[in-house]
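None of the values given here were measured: they were computed from a predicted structure.
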Amino acid sequence: MEKRAYDLICKASREVTVKVICGHFATKHSHVNYCVDMTGVKSQLGAAKAAAKLLADRYSSTPVDTIITLDRMKMVGAFMAEDLAHSHINKNQNIAVITPEINNGVMVLRDNFLPFVKGKRVLLLTASATTGKDVRSVVEGISYYGGEAVGAATVFGGEFECRVPVVKIFGLEDIPDYSSYAAADCPLCKRGVKVDALVNSYGYSKII
């Protein structure tokens, strides 16, 4: 399957690259015809810093107290916090970066994390947001715990409605034939095309 992968390079920063694989993949919310592998952005210093700067620049005029990270994006979140702390509006702000639990799609905050959200301005960072389901759920969770959601940032995102601004590095315009389907409606399944791999925030596992 890896032989089908190609590099998608960000036009704004060549250090930010994701690998794209065409096929049939099952995620927790849907079936998709492309796997977007962001291991490099999540794991490599240079790529993480470059991605963080691109996203932080879009929120440089937004007050931020806390960044909530999902999908193993904490390193990118830490660099975002550093970049935002140098912006005029967040000058010298001690921005927190936390990763809450997600149980059955619902954000759960333990007591030790609650002070970083209650009464705070919170930015969500995730690796992928194609259906928007997780983003909307966490935005609702932030409000539930007494915080103010000020935006969401993602490396790869689809088109969906959300009550906060959503910024992304890569979008559907970068993979024009990208499609996402509910498992029951997947045309690939209906044609008998086998699932190549199971995909989550840790990567993909081939189905042999």
Asker: Between Val166 and Ile67, is there a shared hydrophobic cluster once you connect ILVMFWY residues whose side-chain heavy atoms come closer than 4.5 Å?
Answerer: no
Asker: Looking at Arg4 and Asp196, is there a salt bridge between them, counting it only when a charged N and a carboxylate O are closer than 4.0 Å?
Answerer: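 Counted as a salt bridge, because a side-chain N and a carboxylate O are separated by less than 4.0 Å.
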Asker: Following the transitive rule for hydrophobic clusters with a side-chain heavy-atom cut-off under 4.5 Å over Ile, Leu, Val, Met, Phe, Trp and Tyr, establish whether Val199 and Val135 coincide in one cluster.
Answerer: no
Asker: Is the backbone N or O of Ser179 less than 3.5 Å from a side-chain atom of Asn33, with the two atoms forming a donor-acceptor pair by type?
Answerer: yes
Asker: Would Tyr204 end up clustered with Val193 when hydrophobic side chains under 4.5 Å apart are linked, directly or stepwise?
Answerer: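 No, no single cluster joins them.
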Asker: Tell me whether Asp174 is salt-bridged to Lys11, with the criterion being a basic N under 4.0 Å from an acidic carboxylate O.
Answerer: yes
Asker: Check Asp134 with Lys28, please: is the shortest side-chain N to carboxylate O separation under 4.0 Å?
Answerer: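 Here Lys28 pairs with Asp134 in a salt bridge, since their nearest N and O are under 4.0 Å apart.
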Asker: With a 4.0 Å cut-off, would you call Lys120 and Glu148 a salt bridge?
Answerer: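 Salt bridge between Lys120 and Glu148, a charged N being under 4.0 Å from a carboxylate O: no.
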Asker: Go through it in stages, so that I can follow the logic: the residues are Val97 and Thr69, the test is side-chain contact (heavy atoms from CB on, under 4.5 Å), and I'd like the CA-CA distance, side-chain angles, deciding distance and then a yes or no.
Answerer: CA-CA 7 Å; Val97 182; Thr69 66; 3.8 Å; yes
Asker: Would you kindly confirm whether Leu84 and Val155 end up in one hydrophobic cluster when ILVMFWY residues are joined by side chain heavy atoms under 4.5 Å apart?
Answerer: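 Linked, Leu84 and Val155 end up in one cluster.
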Asker: What's the verdict on side chain to side chain donor-acceptor pair (under 3.5 Å) for Ser143 and Arg163, showing C-alpha distance, side-chain angles and the deciding distance?
Answerer: CA-CA 12 Å; Ser143 295; Arg163 63 184 179 87; 2.6 Å; yes
Asker: Any donor-acceptor pair under 3.5 Å linking the side-chain atoms of Arg136 with those of Thr131?
Answerer: no
Asker: Mind telling me whether Tyr34 and Tyr178 have parallel, tilted or perpendicular rings, with 30° and 60° as the class edges?
Answerer: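 Rings of Tyr178 and Tyr34: parallel, as their planes differ by under 30°.
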Asker: Same hydrophobic cluster for Ile21 and Phe170, using side-chain heavy-atom links shorter than 4.5 Å among ILVMFWY?
Answerer: yes
Asker: Check Lys53 with Glu15, please: is the shortest side-chain N to carboxylate O separation under 4.0 Å?
Answerer: no
Asker: If you look at every heavy atom in Leu109 and Tyr145, which pair is closest and at what distance?
Answerer: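 Taking Leu109 first and Tyr145 second, the nearest heavy atoms are N-OH, 3.2 Å.
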Asker: Measure the spacing between CG of Leu123 and OG1 of Thr62 and express it to the nearest 0.5 Å.
Answerer: 8.0 Å
Asker: Going from CG on Asp71 to OG1 on Thr154, what distance comes out if it is rounded to the nearest 0.5 angstrom?
Answerer: 7.5 Å
